[in-house]
Amino acid sequence: MPELPDVELLRRYLDGQALRQRIERVHVGDARILADLSAPQFAAKLEGRAFEASRRHGKHLLVRLTGDGWLTLHFGMTGDLAYFENVADDPPYDRVRFDFAKGGHLAYLNRRMLGRVGLADDAEAFIVAEQLGPDALDPAFDIASFESALDGRRRDVKALLMDQSLMAGIGNLYADEILFQARLHPRARTDRLDRAQRRRLFEQIKEVLETAIACGAGAEQLLERLPDGYLLPERQAGGHCPRCGTALATLKSGGRTSYFCPRCQPDPQR
DNA sequence: CGTTATGTTCGATG
DNA sequence: GCATCGAACATAAC
């Protein structure tokens, strides 16, 4: 679930449910998710405090704590948040649970355990330490900074979009959608894109991510809500291009599958 | 049993 | 240094 649009929706969910409530107790269901911290260390930092505000950078959710410091959440492939009133409703794969004094609970869920929950003193320092590039939706990430990310690199365009150190937030699914909308083959090389192609790509990064947020990324109804002409609802075995009806093609690299339309996104003859 | 999955990292290799 | 590839991590679904 968690690429930039999904994490943005999770951020809003957390804001709507869990801000400004005293955290009475922290329950760590599986300490492996905490990386280098011990469960007692982690709990001690949070108990008695509250979530004050949140921000997102790429796929990371950062939650400011009363007093000082931040809770950091990364969701891997299967991470999610759930707020509920009764502990009996605690969903499966609850790895960390915050019990609020008012009675509600916020759980960080993660089936595959590929994410991370941690603490940071400073949000900016955390972003630097994680070697994250600019958030893909940050207005400061403009066409000029996009050009400089491309500058001097000769890579497959899809690999570039997903490189979190160049721009943060895009994963395998939304990279496919962005490339489809920009009509670029996943293996098109960045050093061979002309000016118009680069501009189209940049515009679709913004457009696709904003559209996914507006349509409620992460919700089950996302695929129905996306505009006509979006690839994601067809992005599966047997899917067809929403624009021309051609059977979608797939290719694999780095263990990930790309879906694309061989007609609308022709192979640039690498 | 084999394959696949919205992520990231590490080692090997060119 | 740059880029790619496969494997690993961990878990479940098909």
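Below, chain A is the first sequence line, B the second, and so on; all start at residue 1.
Counting any heavy atom pair closer than 4.0 Å across all strands shown, A/Tyr93 reaches sugar-phosphate atoms only and no base atom.
The distance between atom CZ of A/Arg155 and atom P of B/dG14, rounded to the nearest whole Å, is 19 Å. Rounded to an integer number of Å, the gap from CG of A/Asp30 to P of C/dA12 is 11 Å. If you measure from atom CG of A/Leu166 to atom P of C/dC2, you get 11 Å, rounded to the nearest angstrom. In this structure, CZ of A/Arg95 is placed 8 Å from C1' of C/dT11, rounded to the nearest angstrom. Across the protein-nucleic acid pair, A/Leu81 atom CG and B/dT6 atom P stand 20 Å apart, rounded to whole Å.
Of the candidates B/dT6, C/dA12, B/dT4, the closest approach to any side-chain atom of A/Lys252 belongs to B/dT4. In the set C/dT4, C/dT11, B/dG7, the nucleotide with an atom closest to the side chain of A/Met113 is C/dT11. When distances run from any side-chain atom of A/Arg112 to the nucleotides B/dT8, C/dC5, B/dA5, the shortest one goes to B/dA5.
A close approach under 4.0 Å does occur between a side-chain nitrogen or oxygen of A/Lys59 and OP1 or OP2 of B/dG7. OP1 or OP2 of B/dG7 sits under 4.0 Å from a side-chain N or O of A/Arg256.
Distance noted for atom P between B/dT3 and C/dG6: 14 Å (whole Å). Nucleotides B/dG2 and C/dA7, compared at atom P, are 14 Å apart to the nearest Å. Separating the C1' atom of B/dT6 from that of C/dT4 is a span of 22 Å, rounded to the nearest Å.
Shortest non-hydrogen contact noted between A/Glu3 and A/Asn172 is OE2-N, 3.6 Å.
Classification of A/Arg200 and A/Glu203 as a salt-bridged pair fails, no side-chain N sitting under 4.0 Å from a carboxylate O. The residues A/Arg20 and A/Asp15 are annotated as not salt-bridged, no charged nitrogen and carboxylate oxygen being separated by less than 4.0 angstrom.
Across every strand in view, C/dC14 sits in a pair with B/dG2 that passes the Watson-Crick or G-U test at under 3.5 angstrom.
The cationic group of A/Arg243 lies under 6.0 Å from the six-membered ring centre of A/Phe180 and within 45° of the ring axis, placing it in a cation-pi geometry.
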